[in-house]
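Heads up: the structure comes next, in structure tokens.
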Number of protein chains: 2
Amino acid sequence: MDLVVRAARRLFVERGYYGVTIPQIVKASGVSVGAIYLHFSNKENLASTIYQRTLDEFTAKFTKCLMGVESTRDKLRAFSELVFEITEEDPDMMEYMLTARPGSSPDCPMPLCSTAPFREVQRIVAAGIAAGEIKPGNYLIAAISYTGVIVRAVELRLQGVIQQPLPEVADDLIENAWAAIRAASQS
Amino acid sequence: MDLVVRAARRLFVERGYYGVTIPQIVKASGVSVGAIYLHFSNKENLASTIYQRTLDEFTAKFTKCLMGVESTRDKLRAFSELVFEITEEDPDMMEYMLTARPGSSPDCPMPLCSTAPFREVQRIVAAGIAAGEIKPGNYLIAAISYTGVIVRAVELRLQGVIQQPLPEVADDLIENAWAAIRAASQS
DNA sequence: GTCTATAGCCCGATAGAC
DNA sequence: GTCTATCGGGCTATAGAC
């Protein structure tokens, strides 16, 4: 059934929950209608499963990539590099993360970009301000300033506006994002 | 019929093109089915009209806000303040601009965030690099770094993550965005 | 367990009353 | 010009063959 989840997520990203029909999912996944309804009680339940699985997968990757990283700057760099890597290796997952928001499907509780991992980034930034690594001020504004650079790059890469793989321009982007929020004393 | 366009755009933003039915548009606009089909050949044509009108309106505002502005930094500031102002005064318009992309409705040619005004911002940044106001490098990366901060703030404001009206935090955001790309010699 | 065929519903679009 | 009533089509979900 993983096949159904992957195929459906791809289609949901392309045309939205309401723009995708069960027959289309059948064609794209090669799994019949009956088999789909055997594993998912209905279309809405399939959408919830996709949401939950995608969030869990991202959270796991995120937690892992922060292990053993110390400074605020390096933590933010690790987050950025993870996001860039996912964008190249599993663009559907990344695009789903950027487009899922309340209303995009029934029972989508919140945008994935406002869930635990992204709130954790806000916490990292707040700690960085307290440590003097990031310039003083509203931590939410600082977090947005940093992640804005990263997330926008992902969006434009997914749209094909950026031609190069993100890892190739990662250093410049991460440098710019850091320059937006670093304390005057930091390089 | 402007009433239909406004009501339909609101609904499209909330639930997507395929998630909105004609009966819903009838209810939300107070205009009957017959009257809608008298002015728009079909649902798809209504969506195209919304797309075109929104793009035209934004382009006009954008062109106007740049009149008489000289330096690269001030041009980018004018763009940012315009976007923040629209976000507060016509959030439906702004949210539509951020969510409209190919696939979101039939005949959506491109994301509004990749249309003329946003390409013009890229041109402004390229000129800023040539003039030495912005640090040297890939102009597209620089433009993304600046607009990323601004656009992300708009997204989180529309989602309710940012509680204050954007004009109240505009100065901090614009300062951060500029810090991300300014030349070492610039303040 | 897996599929095909179909029931029942609601949508987009239209025709005709006023 | 404006509305309501309706048609045909395609959707979700299920029932029953294999």
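Since we're looking at a predicted model, the values are computed, not measured. Every chain is numbered from 1, with letters handed out A, B, ... down the list of sequences. Scope of the values below: all heavy atoms of this structure, side chains included, with no hydrogens, waters or symmetry mates.
Rounded to an integer number of Å, the gap from CG of Asn45(B) to C1' of dG12(C) is 14 Å. For the pair Lys43(A) NZ and dC10(C) C1', the interatomic distance rounds to 13 Å; values are reported in whole Å. Between Gln24(B) atom CD and dA13(C) atom P the separation is 15 Å, expressed in whole Å. In this entry the distance linking CD of Glu44(B) with C1' of dA13(C) reads 14 Å, nearest Å. As rounded to whole Å, 11 Å separates atom P of dT12(D) from atom CG of Leu46(A). Between His39(A) atom NE2 and dT14(D) atom P there is a gap of 15 Å when expressed in whole angstrom units. Straight-line distance from the OH atom of Tyr37(A) to the C1' atom of dT12(D): 5 Å, rounded to whole Å. Atom OH of Tyr18(A) is separated from atom C1' of dG12(C) by 18 Å (rounded to the nearest Å).
Val20(A) comes within contact range of the sugar-phosphate backbone alone, with a heavy-atom separation under 4.0 Å but no base atom that close. Within the nucleic acid shown, Val31(B) has no heavy atom closer than 4.0 Å to any nucleic acid atom.
Checking Tyr96(B), Tyr18(B), Tyr17(B) one by one against Phe12(B), the ring-ring contact (aromatic ring centres under 6.0 Å, His included) holds for a single residue, Tyr17(B). Checked against Phe79(A) for a ring-ring contact (aromatic ring centres under 6.0 Å, His included), the options Tyr146(A), Phe118(A), Trp178(A), Phe84(A) give a single hit: Phe118(A).
Between Asp56(A) and Lys61(A) there is no salt bridge, since no side-chain nitrogen of the basic residue lies less than 4.0 Å from a carboxylate oxygen of the acidic one. A salt bridge does not link Asp172(A) with Lys135(B): none of the charged nitrogens is closer than 4.0 Å to a carboxylate oxygen.
Side-chain atoms of Ser71(A) and Glu133(A) form no donor-acceptor pair, as typed in the model, at a separation below 3.5 Å.
For Thr21(B), the listed nucleotide lying nearest its side chain is dC11(C); candidates were dC11(D), dT2(C), dC11(C). Of the listed nucleotides (dC11(D), dT4(C), dG1(C)), dC11(D) has the atom at the smallest distance from the side chain of Pro23(A). In the set dG12(C), dT14(D), dT4(D), dT4(D) carries the atom at the smallest distance from any side-chain atom of Val33(B). Distance from the side chain of Asn42(B) is smallest for dA13(C) among the nucleotides dA13(C), dC3(D), dT2(C).
The nearest heavy atom of DNA chain D to Gly34(A) and to Ile22(A) marks one nucleotide each, and the one closer to the 5' end goes with Ile22(A).
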